[in-house]
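When a ligand or atom number is given, it counts from 1 through the structure's own listing order. Reckoned from all heavy atoms, side chains included, excluding hydrogens, waters and symmetry mates.
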Amino acid sequence: MLLRTLGTAAGGGLPQWNCACPGCAGARRHPSRRRLHDSLAFHGPDAWFLANASPDIAEQLESHPSLRPAAGNGRTPVVRVVLTDAELDHTLGLLRLREAARIEIWCTEPVHKALTARLPLTDILSPYTTLVWHDLPLAGTGHPAEIAGLTVSAVPLSDKRPRYAADEATHPAWSSALKVCDPQAGTSALYAPAIAAWSERLDEAVAGCDCALIDGTFLDEDEPRRTGISQRTASEMGHLPIEGPLGTASRLRHTGAQILYTHLNNTNLLGDPGARGHDRLAALGLRVAEDRMVVTL
Ligand code: MLT
Ligand code: MN
Ligand code: ZN
């Protein structure tokens, strides 16, 4: 399989339209620091599918020649999207895909409920296109979904609900990691852009994969409070920080998998390629993902 990073920023992107913090100002001064909203494309033997549909999706598809409609083939008829959660930064792109004849969506049960009852996507989009909803099986239970010649399942991570559905009932699979396997090559990848808490299940999933794209929203626990974007800490916002006692870096240093941090918030100092945090990560064998990376597995 081939994995393509279409974007690597958290909600708002980098720069964020209404923000002049050092990270956003730096990205305006240095266009190479700009990051689109995090999303991946997976290419299997048959076709490709998206992991999350970001608000940047149309530009992301257009800027990658292999994701454009083939010359002479008219329009891309079907688009396939697998969702990690129901967050706006991962789902608003579904509205932008309405020119497709059909959108096939795989997600867990609470995510489906949020996207049909709270954010009524089926009602809104049905005059434009056909939405086909598929259950995304939980890893280790039954058969994974088969998409584009790859298999996909959800590793439940937490009951972190989107703010617009904060009053919904708890469920362990509100936020999940996607486990994508290539049965022919015997390889696998993990995509976990929102890790609210570490679990043994996640530990095993990372240990068993070749490449993992991991929540890198915040570098340290106090970052959201220190920068004034929230009264809550990183983990209270549903994102374990990279460094510090709660940090994911110390857990990920010896996994053997290629680890790439993604979903960077505009407050994260790692948005600056000269930041010293990059050296600290490199010493642990870890690194930050960039937009437009291609990983072959
Ligand atoms: C998150 O990653 O925590 C959310 O996307 C935040 C948001 O709703 O903006
Ligand atoms: Mn987000
Ligand atoms: Zn900013």
Proximity to ligand 1 by part of H90, non-hydrogen separation under 4.0 Å = neither

May I ask you to check whether over 12 heavy atoms, not counting those of E146, lie within 6.0 Å of atom CD?
-> no

Would one find more than 12 heavy atoms of other residues, nucleotides or ligands at under 6.0 Å from atom CD of Q184?
-> no

Metal site angle (apex the Mn ion (ligand 2)), OD2 from D89 and NE2 from H263, 10 degrees = 90°

Closest heavy-atom contact between A53 and L83?
-> N-CD2, 4.3 Å

Is it true that K160 lies under 4.0 Å from ligand 1, counting heavy atoms only?
-> yes

re atom 6 (C) of ligand 1, the protein heavy-atom contact at minimum distance is E87 OE1, 4.2 Å

Determine, stepwise, if the pair R35 / E290 fulfils side chain to side chain contact (heavy atoms under 4.5 Å, CB included).
-> CA-CA 8 Å; R35 290 174 187 263; E290 303 300 331; 3.3 Å; yes

Identity and distance of the protein heavy atom lying nearest atom 7 (C) of ligand 1 | R163 NH2, 3.7 Å

Taking the Zn ion (ligand 3) as the vertex, what is the angle from SG of C21 to SG of C24, given to 10 degrees?
-> 120°

If you count the atoms of ligand 1 from 1 in the order shown, which ones are under 4.0 Å from a heavy atom of D89?
-> 5 (O)

Per-atom contacts, ligand 1 versus H263 - under 4.0 Å to a heavy atom | 2 (O)

Among all protein heavy atoms, pick the one closest to atom 1 (C) of ligand 1 and tell me residue, atom and distance.
-> H239 NE2, 3.2 Å

Flag if over 12 foreign heavy atoms under 6.0 Å of OH, Y164 | yes

Can you tell which of T84, T217, N268 makes a side chain to side chain donor-acceptor pair (under 3.5 Å) with H263?
-> T217

